[in-house]
Amino acid sequence: MQNSEYNFSKIEPKWQKFWADNATFKANDFDSRPKFYILDMFPYPSGAGLHIGHPEGYTASDAYKRFKISQGYNVLHPMGWDAFGLPTEQYAIKTGKHPKETTKTNVARFKEQLTKIGLNYDWDREINTTDPEYFKWTQWIFIQLFKKGLAYVEEKPVWFCPDLGTVLANEEVIQTNEGPISERGNFSVERRPIRQWVLKITDFADNLLAGLDSLDWPDSTKRLQTNWIGRSEGSRVTFAIDGYSESIDVFTTRPDTLNGATYLVLAPEHPLVSKLQSNEQAEIIKNYINKAKLKSDLERAELNKDKSGVPLGAFAINPINQKRIPIWVADYVLISYGTGAIMAVPAHDDRDFDFAKKFDIEILQVIDDEGSAKKNTDGTLAEAYTKEGPLMNSADLNGQDSKHAKQLVIELLTQMKSGKIEVNYKLRDWLFSRQRYWGEPFPVLWVTSKDYEKINQLFKPNGNPVESVIDGEIRLAVVIPEKQLPLKLPEIKNYKPSPDGQSPLSKAESWLNVYFNVSSGEIYKEPKKGAIQAKRETNTMPQWAGSCWYYLRYIDPNNSERIIDSAKEAYWKTPDLYIGGAEHAVLHLLYARFWHHVLYEIGVVSSPEPFKKLFHQGIILGEDGEKMSKSRGNVVNPEVIIEAYGADTLRLYLMFLGPLEAMKPWNTKGIEGIARFLRKLWRLLIIDNNATLNPKIDLQNTSTLDAESERLLHQSIEKVSKDYESLSFNTAISQLMILLNQMTKLEQIPKNAYEVLLQLTAPLAPHISEELWRHLGYNSSITEAPWPKVNKEKLKSDSVKIIFQVNGKYRGDAILPKTYSKESTIELAKNHPRVQAQIIDKKILKEIYVPNKIVNFVIK
RNA sequence: GCCCAGAUGGCGGAAUUGGCAGACGCGCCGGAUUCAAAAUCCGGUACCUUCGGGUGUGAGGGUUCGACCCCCUCUCUGGGUACCA
């Protein structure tokens, strides 16, 4: 080894141990300093270990944490494990190894890797979603949702593969020309209705929409959630059916076009389809519906852009003009949105237009396009005119504008009791169960309707009972007493789902069948007096469940009595900054907000929104500019980088690659620049391997910096602080480089100045900074030293650079006193040789003068 | 199709109330040090040029004394979403 070598492999483990031993980053409940809660999206501890994407966001939050601590905040920055999930379960199916064991191994490895990067957390607050002491409270929240009537059960079609004997997620199914097949094994798969738990997130649609306004989130993410919730205002219109007592309700956002409705469409699943079909059509309709059944909503959209449908042979009566119009069944109408039926106005809706063209149905224009629509040579519409405008062909309403006509039509319909104003949402209720082993069991028992009546109201929902068919008979759901939580997973031998698509838990007979005391809720293995026979729910919760509320548990991780202590909740509140990938922009962030709104309503938390400020870190691509993946062979392993360059270099370089929020390619070559920066920082203080301090560093602080260096120092404090605050680490680092380069040129550096440089560098490169700080004679962590302050006086300058332009082009400049007059400045500009060369023999049309900035001559 | 984000040297990127385009770093070129290498240090590096200057921030137009920045149209790239009535 050479002289004065910066030996990161020796330094880094030493300081990692120091931080752990001294609990440097412990968050103190009720501390008098202002609190700051920084949250990272916690990882799924996969068997593959960390990839380079993890340290990116985590380094940013770690640096921000150290910065905030130095600024005097009591910082909470915890970490945990989102450890339920499919890969672990599949590993168990393959190897027979219990998911619990796999999780333990993986967590240990992740923890070790994080530590090596210098990511230090308050591990006393570590949580793990698979820990019964944690999921006890996930189950507790479910019980509250159940009791509030926000949970229900429904048969929902999901992908099922008979050959594999398992339910498949959407992404495990591949669409081919021959139909859908399984990703594993290429077996054919089918849609099969399976009993599912569903949460009524739609009850909170308006709250979730309104809550967005108050959040400091990226606009694009807010917009994504807004679109996902998809609120649309319109009206419900009731059509009578000619010759039947039933009627058909439709939802429309364009009641102004009601006179242009020339047919009605029912979704294939609509209950009236079977009643309304005429005999001669029955066979055709049956075939059509069967075909539609095999497709998911998604597929219908993708594979069936070409419209299809069958007329039912029945007719509806338009309430506004008594016109008799045909009723069709077509799969471009979805049962899951609105009423599952629409009024078709082909002149003013693209889909209806396509359909009407194909089946030669009347197209009646009722909105005047005023010459702006595309027309055929015969004057008919060549495509639907979907804009608003004055009405035509609409009797009394002719000439009214769409906006006003909408109101008039709704009023009219309301009077006639044939419709009303209505709001619809794209948002669907949340499918909240999986037929898997490795998830939270539902704290639910199924009982017969006869026994249900005897059961204490405590275990039942407010409102309607939850009902389902279990093993061929109707059963009702009750929850188990909170005292019995956590309800743990039973030990089983085979983690495979049963052949009928039920969860593996359905095979755990002794766990499954129990006796339930109707008043106390106690559960027995054997029949007892006062106890009825009951069957446990065999579904488990989805991975979202545990991640929906984990940020709350960090505040009070070991509380066995309550989900969270109110006083602690009042102190820490919700995260002040949440950093995580944009891939969770909708689902995770919406589900968590939903639960938080519910917890707010029942008084568990003191504010309705969980994440005030949100930041998405970007993705790091491989060196080839493609997404990192094993199959591409472009994966960068952080451990390899740490071995070669050290953790500080990795951290700095990750932040230096580009803006935190951007998607950016990794480039191993570029890391040299950062490595040089750190070596230079080291050598400026330590000149040999005996740790001799550089005599240029004035330890007595008797010297002063020259004015220019002094200004740069304070500019750097200002710039770096501002950049850290906004997580613009890339530009902060470039400023640190400029400052270090300047200091390197000096003959004498006051110790104070070097210390400022170290402190500014410390959040991003903590190990080397701590080590050098120690060499300067300090015994405590550098994060405990107060953050450097800007001296605004030092930033001031009496003179300023004025730019000289001719016709907006730079021709020269001059450093002038700020007090220099307009006239003198212009005079000086005119005399500048390069300016003069331009303006000589030319006429100056205009002289632009912006004080302290520019002079611009406009010439011809 | 719709919604969103983006396009700047060989590369990553910087520059915002509209005022020097290319900070900082990589790479490359030249030099110093060295027996040699590593490491280190110094200088150069958008393009063209007749060395006066000219041209340049995806393309075209516009507003302005002045546009990477604001407006319109288009191309391409990435992400999200998908018959939502």
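In what follows, every chain begins at residue 1, and chains take the letters A, B, ... in the order their sequences are listed.
Of the side-chain N and O atoms in A:Arg676, one or more sit less than 4.0 angstrom from OP1 or OP2 of B:rC26. Phosphate proximity of B:rC26 to A:Lys669: absent, as no side-chain N or O sits under 4.0 Å from OP1 or OP2. For B:rA85, neither phosphate oxygen OP1 nor OP2 lies less than 4.0 angstrom from any side-chain nitrogen or oxygen of A:Asn424. Applying the 4.0 Å criterion to OP1 and OP2 of B:rG18, one finds that A:Lys853 has every side-chain N and O outside that range. Contact check, A:Arg811 against B:rG52: no side-chain N or O comes under 4.0 Å of OP1 or OP2. For the OP1/OP2 pair of B:rG80 and a distance below 4.0 Å, the side-chain nitrogens and oxygens of A:Ser220 include no atom meeting the criterion. Considering only side-chain N and O atoms, A:Arg834 lies nowhere under 4.0 angstrom from the phosphate OP1 or OP2 of B:rG52. Within the structure, every side-chain polar atom (N or O) of A:Asn227 is placed at least 4.0 Å from both OP1 and OP2 of B:rA82.
Other residues, nucleotides and ligands contribute at most 12 non-hydrogen atoms within 6.0 Å of the CD1 atom of A:Ile421.
Residue A:Trp666 contributes atom CH2, which lies 15 Å from atom C1' of B:rG13 at whole-angstrom precision. The separation between A:His616 atom NE2 and B:rG79 atom C1' is 12 Å, rounded to whole Å. Nucleotide B:rU77 holds its P atom 13 Å from the CD atom of A:Glu626, rounded to whole Å.
Between A:Phe656 and A:Phe729, the gap from one ring centroid to the other reaches at least 6.0 Å. Checked against the 6.0 Å centroid threshold, A:Trp328 and A:Phe355 count as a close aromatic pair.
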*In dot-bracket, 5' to 3', how would RNA chain B read with Watson-Crick or G-U wobble pairs under 3.5 Å, [ ] for crossing ones and | for pairs to another strand?*
(((((((..(((......[....)))((((((.......))))))(((....)))..(((((..]....))))))))))))....

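Taking the C1' atom of each, B:rG22 and B:rC69 are spaced 15 Å apart, rounded to whole Å. B:rU8 and B:rC41 have their C1' atoms separated by 32 Å, given to the nearest Å. Rounded to a whole angstrom, the distance from the P atom of B:rU50 to that of B:rG43 is 29 Å. Across B:rC70 and B:rU16, the matching P atoms stand 12 Å from one another, rounded to whole Å. The separation of B:rG13 from B:rU57, taken at their C1' atoms, amounts to 13 Å, rounded to a whole angstrom. Separation of the C1' atoms belonging to B:rC20 and B:rG80 is 40 Å when rounded to the nearest angstrom. Comparing the same atom, C1', in B:rG6 and in B:rU55 gives a spacing of 26 Å after rounding to whole Å. Separating the C1' atom of B:rG9 from that of B:rC24 is a span of 15 Å, rounded to the nearest Å.
Annotation: side chain of A:Leu650 is not in contact with side chain of A:Tyr645 (no heavy-atom distance under 4.5 Å). Side-chain atoms of A:Ile802 and A:Lys853, non-hydrogen and from C-beta on, never get closer than 4.5 Å to each other.
Candidate nucleotides B:rC24, B:rC4, B:rC20 were compared by shortest atom distance to the side chain of A:Arg223, and B:rC4 ranks first. Among B:rA85, B:rG12, B:rG13, the nucleotide with an atom closest to any side-chain atom of A:Val333 is B:rA85.
For RNA chain B, none of the residues of residues 711-726 of chain A falls under the heavy-atom distance limit of 4.0 Å.
Salt bridge annotation for A:Lys822-A:Glu847: absent, with no cationic side-chain nitrogen under 4.0 angstrom from a carboxylate oxygen. A salt bridge between A:Lys200 and A:Asp429 is absent, with no side-chain N of the basic residue lying under 4.0 Å from a carboxylate O of the acidic one.
Mapping A:Tyr425 and A:Ile674 onto RNA chain B by nearest heavy atom places A:Ile674 closer to the 5' end of the strand.
Between the side chain of A:Gln365 and the backbone N or O of A:Leu381 there is no donor-acceptor pair closer than 3.5 Å. Looking only at distances, a side-chain donor or acceptor of A:Ser402 sits under 3.5 Å from a matching main-chain atom of A:Gly389. Listed for the A:Thr649 side chain is no donor-acceptor partner under 3.5 Å among the backbone atoms of A:Ile674. Judged purely by atom type and a 3.5 angstrom limit, A:Asp624 uses its side chain to pair as donor or acceptor with the backbone of A:Glu626.
Put simply, CD1 on A:Ile327 and CG on A:Leu312 are 6.5 Å apart, with the number rounded to the nearest 0.5 Å.
Residue A:Leu224 is classed as a sugar-phosphate contact, given heavy-atom separations below 4.0 Å to backbone atoms only. Base engagement by A:Ile848 is indicated by at least one non-hydrogen atom pair under 4.0 Å involving a base atom. At the heavy-atom level, A:Lys664 lies under 4.0 Å from the strands shown only through sugar-phosphate atoms. A:Ile738 comes within 4.0 angstrom of sugar-phosphate atoms only, judged by non-hydrogen atoms across all strands, and of no base. Contact annotation for A:Asp350: no contact, since no heavy-atom pair falls under 4.0 Å across all strands.
Against the 90° criterion about 0, the sugar-base torsion of B:rG60 places it in the anti range. Nucleotide B:rG9 is shown with a syn base, its glycosidic torsion being within 90° of 0.
The base of B:rG66 has none of its N or O atoms less than 3.5 Å from a complementary donor or acceptor on the side chain of A:Gln805.
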